K.L.:
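Following this message is one structure expressed as structure tokens.
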4 protein chains.
Amino acid sequence: MTVRIGVIGTGNMGADHIRNLQRFVAGSQVTVVADYNRATADAVAAESGARVAADGDALIADDEVDAVIIASHDSTHYAYALAAVAAGKPTMCEKPLAPTLAECEEIVAAEAAAGGNLLSLGFMRRFDPAHTELKAAIDAGVIGQVLRVTGASRNVVSYPDTTSESIITNSVIHELDSIPWLLGSPVTSVAWLAGRATSKVPEGVADPSLTLLRTADGGLTSAAMYVNAEYGYDLRTEVLGEKGALSLTDPALVAVDLGRHRSTGYPLDWRPRFADAYRLELGAWVASVADGTRSPLASAADGLAASRVAAAVITSMHEAGRWIEVTR
Amino acid sequence: MTVRIGVIGTGNMGADHIRNLQRFVAGSQVTVVADYNRATADAVAAESGARVAADGDALIADDEVDAVIIASHDSTHYAYALAAVAAGKPTMCEKPLAPTLAECEEIVAAEAAAGGNLLSLGFMRRFDPAHTELKAAIDAGVIGQVLRVTGASRNVVSYPDTTSESIITNSVIHELDSIPWLLGSPVTSVAWLAGRATSKVPEGVADPSLTLLRTADGGLTSAAMYVNAEYGYDLRTEVLGEKGALSLTDPALVAVDLGRHRSTGYPLDWRPRFADAYRLELGAWVASVADGTRSPLASAADGLAASRVAAAVITSMHEAGRWIEVTR
Amino acid sequence: MTVRIGVIGTGNMGADHIRNLQRFVAGSQVTVVADYNRATADAVAAESGARVAADGDALIADDEVDAVIIASHDSTHYAYALAAVAAGKPTMCEKPLAPTLAECEEIVAAEAAAGGNLLSLGFMRRFDPAHTELKAAIDAGVIGQVLRVTGASRNVVSYPDTTSESIITNSVIHELDSIPWLLGSPVTSVAWLAGRATSKVPEGVADPSLTLLRTADGGLTSAAMYVNAEYGYDLRTEVLGEKGALSLTDPALVAVDLGRHRSTGYPLDWRPRFADAYRLELGAWVASVADGTRSPLASAADGLAASRVAAAVITSMHEAGRWIEVTR
Amino acid sequence: MTVRIGVIGTGNMGADHIRNLQRFVAGSQVTVVADYNRATADAVAAESGARVAADGDALIADDEVDAVIIASHDSTHYAYALAAVAAGKPTMCEKPLAPTLAECEEIVAAEAAAGGNLLSLGFMRRFDPAHTELKAAIDAGVIGQVLRVTGASRNVVSYPDTTSESIITNSVIHELDSIPWLLGSPVTSVAWLAGRATSKVPEGVADPSLTLLRTADGGLTSAAMYVNAEYGYDLRTEVLGEKGALSLTDPALVAVDLGRHRSTGYPLDWRPRFADAYRLELGAWVASVADGTRSPLASAADGLAASRVAAAVITSMHEAGRWIEVTR
């Protein structure tokens with residue numbers, strides 16, 4: 001059986017998903033696309049052989065769409081997710097599930113009422129071979145009981161109009177899903193702090209910043225973020241256990257000796273780093289849709305959990321860095 | 001259009017190809033399989049939903065086979081390749097193209113007579129992201145004119161009944177294709193030498209060994225091979241140019257700190273190292289078959305070229321290590 | 001002129017200093033030693049050709065002692081430092097300067113009254129080639145304005161009777177000197193926190209722990225410490241600036257490929273890591289004594305500053321992790 | 001007892017030795033210096049407090065010289081070494097022992113006639129902590145019986161008037177001593193070859209080049225040399241044994257993340273790489289002189305052995321790369 005997929009949002013992320021589906025995901029076919037910007041949708045449709053739907057709602061309702069990918073603007077996720085659940089169609093939604101906690105909760109409730117297993121969240125780190133190998137080693141007890149996690153994420157430059165809060169909801173959010181997933185333990189309380197900000201951001205924006213997470217297993221995580229790091233897209237994680245430590249290696253493939261230096265390259269953004277992860281994630285999702293089995297991706301509940309942690313981090317930010325309990 | 005694929009040989013390599021096609025290659029379907037060992041073929045067929053053909057010839061002739069993969073024993077490649085060419089079906093053949101030079105030449109001539117672009121060779125390094133990035137940097141002139149290449153390949157343990165010659169035709173053969181491909185320059189002469197052999201091989205088998213290659217661009221390559229290295233599957237390549245050098249990095253994903261050591265792992269064989277390469281190779285091959293475009297894989301001529309170099313290396317081995325010109 | 005040196009305390013640290021002076025510090029001679037344990041002093045004296053003094057006070061007063069090294073138990077530093085200042089003899093004291101802040105302040109005042117430049121503190125990181133190269137790059141502006149420092153220190157096993165407080169005064173103290181030295185900016189406020197403790201420590205001991213430091217330049221430092229890390233002595237530092245980052249590399253000299261792993265070794269304690277630093281530190285100190293120039297080692301004031309920060313960290317520990325201003 | 005040292009040759013190498021002796025070698029004093037260029041000798045003498053002798057012969061005869069360092073031009077080593085032996089003074093001579101094999105043999109014979117243990121050769125790799133750790137691991141059997149060694153040495157730029165032969169006698173010579181020292185097995189035969197030369201050298205100069213060595217233990221070594229590598233001073237060694245491999249790590253101390261790259265630096269020449277080795281070598285030599293024990297440095301016989309291998313390499317170079325037996 002071929003899974004016929006409709007893709008809402010044909011910007012960078014959506015177009016990447018379409019190219020990956022067409023080349024690297026057996027048993028899938030992109031049949032319909034939609035975008036707020038009709039010209040973009042037309043161009044992608046021409047390249048991919050898909051039809052263009054009038055809008056996301058029409059796409060979800062389309063008879064030639066078995067499953068939906070939501071890669072449109074964050075502000076549209078809530079309505080499309082609810083519509084997809086109502087239509088009973090398996091859906092992969094890019095993070096966040098919805099902009100507000102109340103909306104996330106409404107979606108999770110709607111999905112549960114519809115029988116569950118309809119919504120998947122695109123936290124692609126869960127399919128990155130480095131992250132899955134890291135999790136497997138933790139689970140195998142290689143380092144004993146986990147005590148500490150130290151993470152650092154850097155982007156080259158921030159999005160326009162970045163705020164201290166949007167850095168949490170757009171960028172730190174990946175850590176807020178990946179840390180509890182790696183440890184198999186939910187985040188229970190958080191604190192946020194920052195030092196001197198880079199001169200590249202306007203007054204009042206905190207970049208870099210440091211988010212501290214306590215998980216139910218007693219682990220303490222420091223998640224450092226710098227979205228204007230300039231030098232490259234860089235992601236580091238170390239997990240310290242009672243008797244040892246695990247860390248992600250530098251993923252560069254080729255080293256260059258030149259001009260008194262040995263160097264490896266950093267990509268401009270996260271996409272080269274996660275190219276394989278995106279292919280594996282889409283393949284796993286399509287296979288679960290085709291087989292009618294439980295999606296191995298992050299669930300709507302996982303998306304809600306990450307959003308709850310993000311909300312608590314922002315509360316700490318607004319309350320002088322004090323520790324905030326995460327609501328359940 | 002879905003490309004219907006028949007796979008001859010359902011051992012490790014063939015079974016891996018089938019799993020990759022089914023999950024990660026859009027637009028492909030494995031319809032028929034065949035194996036000398038009927039039980040193996042039946043098991044793979046049951047898992048994959050393919051039919052079992054009586055033998056490779058029947059598979060090639062099958063109406064539901066648009067394209068063929070030859071992953072059976074080396075000794076069968078010659079006959080199946082000729083049959084596939086006669087049937088006019090695009091075919092990916094694992095190396096070697098055929099056991100003898102004369103057979104390789106006959107196959108290349110038959111393919112040319114049939115119009116060409118039917119046969120592709122499974123030299124998967126050409127699709128490994130590390131190797132393609134290395135080649136791109138060479139081609140971009142990052143290090144200037146290439147002067148030297150230093151390669152080292154290690155396997156954990158040799159195949160049963162390994163001989164000094166079979167180490168060249170089975171293992172060093174990958175270097176004999178990848179070096180001229182990386183440099184864009186054919187091998188013109190070769191020499192072979194060895195020192196003390198490991199005590200793990202019988203008297204008369206040379207392992208480790210060192211193969212020296214001169215390419216038309218004046219480059220000198222040292223390709224070291226040790227098939228009983230025990231410590232892990234390991235592959236290293238450094239390309240030295242006038243003003244700098246390029247080298248492949250350690251592909252390990254996770255580092256472990258434990259018991260007074262920091263370590264990364266080596267795989268038991270080449271398959272984890274090239275998992276991504278195999279998926280990309282199969283995807284590129286299927287796309288070229290579907291589109292009727294030129295296959296981007298190594299060609300039958302490339303396979304013949306590698307076999308000619310291997311033959312010259314073996315001549316050097318038998319003639320006290322003297323330099324041997326490679327015939328064209 | 002040969003500087004005649006008396007060494008108080010002939011345990012591991014003192015004996016190492018004596019060996020280094022005898023072999024690698026030109027212009028020095030160890031003339032007198034003293035130790036609470038007379039047998040130890042006798043053994044070291046026999047090996048080194050030095051005389052044994054009755055006690056530290058007698059050593060300080062000895063006519064054949066031009067300069068003093070205090071490497072005895074922490075509890076003795078206060079009295080010996082004051083005696084050495086009173087005798088007007090240049091003295092290198094291992095950290096801490098004294099157990100209490102009041103004692104440190106008294107020593108600093110006494111030294112100032114005596115004209116200054118008598119006391120040096122053995123914060124050897126200041127002479128480690130890796131740390132001096134790191135500081136030089138910061139000072140050269142390679143990464144722009146410093147924003148964040150992330151440090152991690154691990155020991156194999158804690159000293160007997162370790163407490164959460166002694167981890168700060170014995171181990172974290174090195175960070176409390178090296179961070180302001182690297183940044184050229186004093187620590188202004190601190191906070192301390194911990195998560196789950198290793199099962200290897202008694203109830204109530206916090207290990208690992210995390211010390212946060214704010215420096216006058218606005219920088220925020222996270223200094224992680226785990227004294228029962230088991231896997232090896234390990235020290236990591238990353239300094240993040242506006243446009244880039246600097247980090248210490250793995251100092252291992254030889255990599256081993258064996259048994260499916262590539263590994264480098266960790267030492268059992270800090271001494272191999274800082275062997276070169278100790279030689280360079282002693283050489284620089286002896287040269288300054290011989291030349292009558294200002295000691296390039298950490299000063300008594302630096303030692304007092306580190307102790308003030310340590311006291312503030314312990315206050316934070318006792319006050320639920322709240323931020324504490326460092327007194328001047 | 002203080003060893004009074006006379007240093008012949010106050011160029012870069014001699015001046016470095018003097019500075020190291022004055023700061024980092026206890027029990028030594030540089031009393032007399034000499035140089036072909038009197039102004040250079042005067043400047044060094046003024047800085048170091050040494051006297052200037054009229055010439056090397058006067059220095060060797062000087063009553064205030066207990067031991068001699070020969071760091072003058074290669075062409076002078078023969079005469080000074082013989083004079084020092086005749087004077088019965090312990091002498092450290094920079095490589096080569098003498099320009100011709102006949103001269104080397106004469107010196108070795110003269111030293112033997114004088115009772116031996118007078119001459120040491122400055123092959124400083126034997127005191128480099130990385131090389132000594134590598135040798136210790138080989139000797140401990142970590143990787144089993146050694147089968148292969150792969151070395152690569154690169155300089156930034158060649159000396160003026162470099163020839164294919166001088167690359168062997170000036171640069172490859174270090175490998176010709178360090179390989180048999182590491183393996184504990186003499187070189188028995190050699191071959192030399194080269195591919196395309198860099199455009200930076202005149203017609204007829206072979207750079208890069210490859211020297212192959214067979215040792216008595218059956219090991220095969222490939223020693224690659226490129227003296228115009230431009231990118232940095234770089235030295236790599238891998239030793240492959242039956243069950244594993246050992247390799248020197250990148251000695252850089254600080255990594256820099258900047259402008260889309262992570263990099264470590266290469267020095268302009270070998271001196272920073274071997275700063276510690278020179279200090280340890282001088283310390284060990286002076287200690288052996290003071291104690292009247294056997295010098296732990298390379299002996300005159302080792303220097304002769306390396307020169308014999310170099311002569312054989314040059315013979316191979318002149319005879320189309322054929323294998324040449326090394327005379328004993």
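Lettering follows sequence order; numbering is per chain, from 1. Since we're looking at a predicted model, the values are computed, not measured.
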K.L.:
With chain A, which of Leu258(D), Thr264(D), Val256(D), Leu268(D) has the greatest number of heavy-atom pairs at distances under 4.5 Å?
P.N.:
Thr264(D)
K.L.:
Does anything in residues 226-235 of chain A get under 4.5 Å of chain D by heavy atoms, and if so which residues?
P.N.:
Glu230(A), Tyr231(A), Gly232(A)
K.L.:
I need the minimum non-hydrogen distance between Ser263(D) and His261(A), along with the two atoms involved.
P.N.:
OG-CD2, 3.7 Å
K.L.:
What part of Val156(D) gets closer than 4.5 Å to chain A, counting heavy atoms only: side chain, backbone, both or neither?
P.N.:
side chain
